[in-house]
Undergrad: 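Dropping the structure in here first, questions after.
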Amino acid sequence: MTVLVLGSGGREHALALACHRDPQVAAVHVAPGNPGTASLATNHPIDPCDKDAVVALAREVAADLVVVGPEAPLVAGVADALRDAGIDCFGPSAEAARLEGSKAFAKEVMASAGVPTAASRSCGDLDSVGAALDEFGAPHVVKDDGLAGGKGVVVTEDRDEALAHAEQCLNSGHQVVIEEYLDGPEVSLFAICDGERALPMQPAQDFKRVGDGGVGPNTGGMGAYTPLPWVPDNLVETVSNTVISPTLSAMRDRGTPFIGLLYVGLALTSDGPKVVEFNVRFGDPETEPLLSMVESPLAQIMQAAARGDVSGTDGLRFRRGAAVGVVMASEGYPASPVKGRRVVAPVDDEDVLHAGTRIEGDGLVTSGGRVLVVLGHGETLAGARTDAYSRVDQLEVSGGFHRTDIALHAAELEAVDEMADELAPQSENNPSNPTDGENS
Ligand code: AMP
Ligand code: GLY
């Protein structure tokens, strides 16, 4: 099997590696890729949003499967173009990608499917925004309806700040979604979907704020770990029944079945798990630790999903133990990451995933905010943390930084196993002080 992965970050490095490990896979291609993917696959310098170029490349390399990493090509219809050309693609159609591309659409689907989520109002003018803010009260949650690369959501106690963000979204021509605040720790649950059935992965957690303790601005994610010893044992089953299956049915009923990776962002509230967001692709950086734990042949499973039937596969198996991923970021991230800084890291180490590096001369330099995702493994989260951070200490992103508390609280909880269900990690999503959380 020949696989083509679209994208250039740490997620795509992890996807390329996972495909490479599948015994049926003979060759992996990545477009455009990065220095890490170049060590195990062939990189191609094309724009993953350029449908014609992607189809031409898939034909040229005789790809049996195209896996789309980021959301932008999906929203642009790259999966449709590939399917029209008769090429199997793991990734939803542009219509189905609206589950991520439009918050209002996602809310509409969830409402019709009876999926538990925050109550919300879609607003087209400031008056209705003001009314919705007052209806739900503080903390206020204000979302840009369009794709905003993780920057479209503001969570704040300050009504004026909420209004100002809404005004900005309205001025750029977008609807605004005002939501009820969901209180509870956040969990990311990924499911491989074939349009009808879903193979859920084990839950993971992401750390969104830039600084230790959940302070500072929101980022794409500063680290992640899996599994989560503190979630209820039946969480995956509950979310499969209350969220994933009804959503897949609703999408099928609309004539836009969802094929690809459904990312369910959840808040574990006192009323049970509720959906904070859907994404239509693997999350970054959760994917890096998660895929490092997958024992099943991932390319074969994604191909089966792309062909519309995963029932013939053996499902997804994860190995025992824990995985932690720590993001090494460039100075200035997330506001204005410095590019061109020296990076000292191997390109061919399965535990060092390249996210924002490029070759310059005979070395590596930073080319983005999140530079490396460094993995660690162990029997326990504590062991995986030690492993990850000892690897971080051997690498260098000149002038850069990382969080030192990835999975720290969960590792502490792991030690008090029997109390785990009651003591979910101190939520970084704390209603009394949302600026201290990771959720705005
Ligand atoms: P989204 O782009 O919808 O994923 O939102 C980004 C982040 O904002 C989420 O990961 C949460 O941390 C936070 N967030 C979004 N919606 C809510 C909500 N209704 N209640 C609390 N936090 C939220
Ligand atoms: N880790 C969050 C995301 O991929 O959107």
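Values in this document were obtained by computation on a predicted structure and should not be read as measured data. Both counts, for ligands and for their atoms, begin at 1 and track the order of listing.
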Undergrad: Quick one: nearest non-hydrogen protein atom to atom 3 (C) of ligand 2, plus distance?
TA: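 Here the closest protein heavy atom is R281 NH1, 3.5 Å.
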Undergrad: Closest heavy-atom contact between G220 and Y333?
TA: N-OH, 2.9 Å
Undergrad: At a non-hydrogen distance cut-off of under 4.0 Å, which region of Y263 contacts ligand 2 (side chain, backbone, both, or neither)?
TA: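 It is the side chain that touches ligand 2; the backbone stays farther off.
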Undergrad: Would you mind listing which atoms of ligand 1 come within a distance below 4.0 Å of any non-hydrogen atom of V276?
TA: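 So the answer, numbered in order with elements, is 3 (O), 9 (C), 11 (C), 14 (N), 15 (C), 16 (N), 17 (C).
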Undergrad: If you measure every N or O of D206 against every N or O of ligand 2, does any of those distances drop under 3.5 Å?
TA: yes
Undergrad: Give the atoms of ligand 2, by number and element, whose distance to some non-hydrogen atom of G220 is under 4.0 Å.
TA: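 Counting from 1, the qualifying ligand atoms are 1 (N), 2 (C).
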Undergrad: Going by the rule salt bridge (charged side-chain N to carboxylate O under 4.0 Å, His left out), which residues pair with R159 if we only count those two or more places apart in sequence or in a different chain?
TA: D134
Undergrad: Can you list the ligand 1 atoms lying under 4.0 Å from a non-hydrogen atom of K143?
TA: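 Those of ligand 1 that fall under 4.0 Å from K143 are 3 (O), 15 (C), 16 (N).
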Undergrad: Considering the heavy atoms of E277, write down every atom of ligand 1 situated less than 4.0 Å from one of them.
TA: 1 (P), 2 (O), 3 (O), 4 (O)
Undergrad: Can you check whether V326 reaches V373 side chain to side chain, under 4.5 Å on heavy atoms?
TA: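 V326 vs V373: side chains apart.
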Undergrad: Give the numbers and elements of all ligand 2 atoms closer than 4.0 Å to a heavy atom of N279.
TA: 5 (O)
Undergrad: Regarding ligand 1, does L182 bring an N or O atom to under 3.5 Å of one of the ligand's N or O atoms?
TA: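 Yes.
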Undergrad: Taking both backbone and side-chain atoms of N218, is any N or O found less than 3.5 Å from an N or O belonging to ligand 1?
TA: no
Undergrad: ring-ring contact (aromatic ring centres under 6.0 Å, His included): which pairs involve residues 257-296, sequence neighbours left out?
TA: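 Non-adjacent pairs meeting ring-ring contact (aromatic ring centres under 6.0 Å, His included): F190-Y263.
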Undergrad: Taking only heavy atoms of G283 into account, list the atoms of ligand 2 that are under 4.0 Å away from them.
TA: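 By the 4.0 Å cutoff, the relevant atoms are 4 (O).
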Undergrad: Has R320 got more than 12 heavy atoms of other residues, nucleotides or ligands less than 6.0 Å from its CZ?
TA: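 No, the 6.0 Å shell around CZ holds no more than 12 heavy atoms from other groups.
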Undergrad: What atoms of ligand 1 come within less than 4.0 Å of a heavy atom belonging to Y181?
TA: 20 (N), 21 (C)
Undergrad: Give the atoms of ligand 1, by number and element, whose distance to some non-hydrogen atom of E186 is under 4.0 Å.
TA: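 Every atom of ligand 1 under 4.0 Å from some heavy atom of E186: 9 (C), 10 (O), 11 (C), 12 (O).
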Undergrad: Can we say E295 and R319 salt-bridge, meaning some charged N sits less than 4.0 Å from an Asp/Glu carboxylate O?
TA: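 Looking at E295 and R319, the cut-off is not met.
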Undergrad: Any N or O on E277 sitting closer than 3.5 Å to an N or O of ligand 2?
TA: no
Undergrad: Any ion pair linking E179 and K107 (charged N to carboxylate O, less than 4.0 Å)?
TA: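 Yes.
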Undergrad: Step through the shown structure and confirm whether more than 12 heavy atoms of other residues, nucleotides or ligands are within 6.0 Å of NE2 on H20.
TA: no
Undergrad: Flag yes if more than 12 heavy atoms outside E237 fall under 6.0 Å of its CD atom; otherwise flag no.
TA: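 Atom CD in E237 is not packed in, count stays at 12 or less.
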Undergrad: As an exercise, identify every atom of ligand 1 less than 4.0 angstrom from a heavy atom of K103.
TA: 1 (P), 2 (O), 3 (O)
Undergrad: Assess whether a salt bridge exists between R254 and E95, defined as any Lys/Arg side-chain N lying under 4.0 Å from an Asp/Glu carboxylate O.
TA: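 Result for this pair is no, no salt bridge flagged.
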Undergrad: Heavy-atom contacts with K208 under 4.0 Å: which atoms of ligand 1 show up? List them by number with element.
TA: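 Near K208, meaning under 4.0 Å from one of its heavy atoms, ligand 1 has 10 (O).
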